[in-house]
Amino acid sequence: MATIDLNGPILANKLLCGNDVIAEDVTCTLPDVTFLKADYKANGTISLPIPLVEAMEAGITKIGLNKKLGKIQKLEPKNFEFRIVQEDLKLDGTKKQTGIKAFIRGCANKLSGGSIEPGTSWSGEIAISVIRYQLIVDGVEQHLIDPLKGIIKIDGEDYGQTTKNLL
């Protein structure tokens with residue numbers, strides 16, 4: 001028996017670069033945030049995360065070649081915005097559409113070749129080296145990770161702020 005609303009399928013998404021719509025209904029991979037760990041000696045060893053992160057990477061699977069492909073593959077950092085609509089099932093059986101936004105600043109770290117075959121669409125994976133990542137679900141910020149500014153904010157708590165205050 002469910003005791004919380006059920007998060008359902010993604011209904012649609014849109015990718016923007018700058019303020020320009022690049023693609024709709026695109027497959028994207030949001031970055032994993034992996035914290036560095038430190039070992040503490042206490043009747044053995046305990047490894048715990050510290051407020052530093054490993055390199056982050058996002059991915060876009062682009063369908064079709066067009067003029068906008070070059071815009072997202074330039075070597076300088078760009079602002080990407082992923083707009084996502086998810087359908088959720090509430091406990092009373094009604095459905096609700098939830099808006100999700102992922103903001104990523106980064107740059108492509110490879111030019112996608114993809115394959116070309118008669119009768120099929122071109123498809124290519126574009127990997128993005130991420131320097132800033134923010135996720136907002138239903139208007140609430142879940143996390144903001146910005147290693148260049150020392151921000152590691154999760155559920156409203158900035159784990160990097162204490163370090164900045166002591167410097």
Side-chain angles (χ1 to χ4, degrees), residues 4-36 49 51-90 94-115 120-161 163-164:
I4 60 171
D5 294 344
L6 302 175
N7 302 121
I10 302 299
L11 299 179
N13 66 27
K14 187 180 286 191
L15 168 63
L16 291 83
C17 182
N19 290 318
D20 192 15
V21 176
I22 300 299
E24 293 181 348
D25 298 329
V26 64
T27 300
C28 61
T29 305
L30 298 177
D32 287 332
V33 179
T34 303
F35 297 101
L36 298 178
L52 298 172
V53 296
E54 293 182 6
M56 297 178 287
E57 186 173 281
I60 301 165
T61 302
K62 176 84 172 70
I63 306 296
L65 294 164
N66 61 24
K67 294 178 183 179
K68 295 182 178 186
L69 182 63
K71 180 175 184 167
I72 61 177
Q73 291 184 320
K74 291 183 178 180
L75 294 179
E76 61 269 354
K78 293 162 284 312
N79 293 320
F80 296 93
E81 179 182 344
F82 297 90
R83 296 180 185 172
I84 304 156
V85 179
Q86 173 179 278
E87 185 168 83
D88 298 330
L89 183 63
K90 299 173 83 53
T94 60
K95 294 179 181 178
K96 174 190 175 212
Q97 292 186 358
T98 300
I100 301 168
K101 290 187 178 184
F103 298 94
I104 293 173
R105 181 154 176 79
C107 56
N109 60 31
K110 74 173 184 175
L111 296 177
S112 183
S115 63
T120 64
S121 297
W122 176 89
S123 175
E125 175 73 22
I126 300 159
I128 301 168
S129 292
V130 175
I131 56 178
R132 184 181 193 276
Y133 172 39
Q134 180 182 33
L135 182 66
I136 297 172
V137 178
D138 205 14
V140 178
E141 182 181 75
Q142 300 301 303
H143 53 259
L144 170 58
I145 310 297
D146 190 333
L148 295 177
K149 294 182 180 174
I151 299 171
I152 298 178
K153 190 174 177 184
I154 304 168
D155 194 27
E157 184 171 344
D158 188 351
Y159 292 91
Q161 188 62 46
T163 302
K164 289 188 282 189

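Heads up: numbering here begins at 1 and tracks the sequence.
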Could you tell me which non-hydrogen atom of Phe82 sits nearest to which non-hydrogen atom of Cys28, and how far apart they are? CE2-CB, 3.5 Å

Distance col, row Ile84:CD1 vs Leu30:CG, nearest 0.5 angstrom, shows 5.5 Å

Derivation of the side-chain contact (heavy atoms from CB on, under 4.5 Å) call for Leu148 and Arg105: CA-CA 11 Å; Leu148 295 177; Arg105 181 154 176 79; over 6 Å; no

Side-chain touch Thr94/Lys96, heavy atoms, less than 4.5 angstrom: no

Sub-3.5 Å donor-acceptor pair from the side chain of Asn79 to the main-chain atoms of Gly18, do we have one? no

Evaluate whether atom NZ of Lys71 has more than 12 neighbouring non-hydrogen atoms of other residues, nucleotides or ligands under 6.0 angstrom away. yes

CG/Asp32: more than 12 non-hydrogen atoms of other groups inside 6.0 Å: no

Heavy atoms only: give me the nearest Gly106-Phe80 pair and the separation to one decimal. O-CE1, 3.7 Å

Show the numbers, then the answer: is there a side-chain contact (heavy atoms from CB on, under 4.5 Å) between Lys78 and Cys107? CA-CA 6 Å; Lys78 293 162 284 312; Cys107 56; 3.9 Å; yes

Salt bridge (charged side-chain N to carboxylate O under 4.0 Å, His left out): pairs with one or both residues in residues 80-90, sequence neighbours excluded: Asp5-Lys90, Glu81-Arg83, Glu81-Lys101, Glu87-Lys95

Could you point out which residue of His143, Glu141, Gln134 forms a side-chain contact (heavy atoms from CB on, under 4.5 Å) with Lys153? Glu141

Are any side-chain N or O atoms of Asn13 and backbone N or O atoms of Asp25, one a donor and one an acceptor, separated by less than 3.5 Å? yes

Minimum heavy-atom separation for Thr98 to Val137, with atom names? CG2-CG1, 4.2 Å

For Ile151 and Lys164: C-alpha separation, side-chain torsions, deciding distance, then whether side-chain contact (heavy atoms from CB on, under 4.5 Å) applies. CA-CA 9 Å; Ile151 299 171; Lys164 289 188 282 189; 3.8 Å; yes

Neighbour count >12 (heavy atoms, 6.0 Å) for atom CG, Asp20: yes

Nearest heavy-atom pair of Gly8 and Gln86: which atoms, and what distance? O-CG, 3.5 Å

Shortest non-hydrogen contact between Ala58 and Val130, atoms and distance: N-CG2, 3.6 Å

Closest approach of Asp158 and Ile152, non-hydrogen atoms and distance? OD1-N, 3.3 Å

Is there side-chain contact between Met56 and Pro147, with heavy atoms separated by less than 4.5 Å? yes

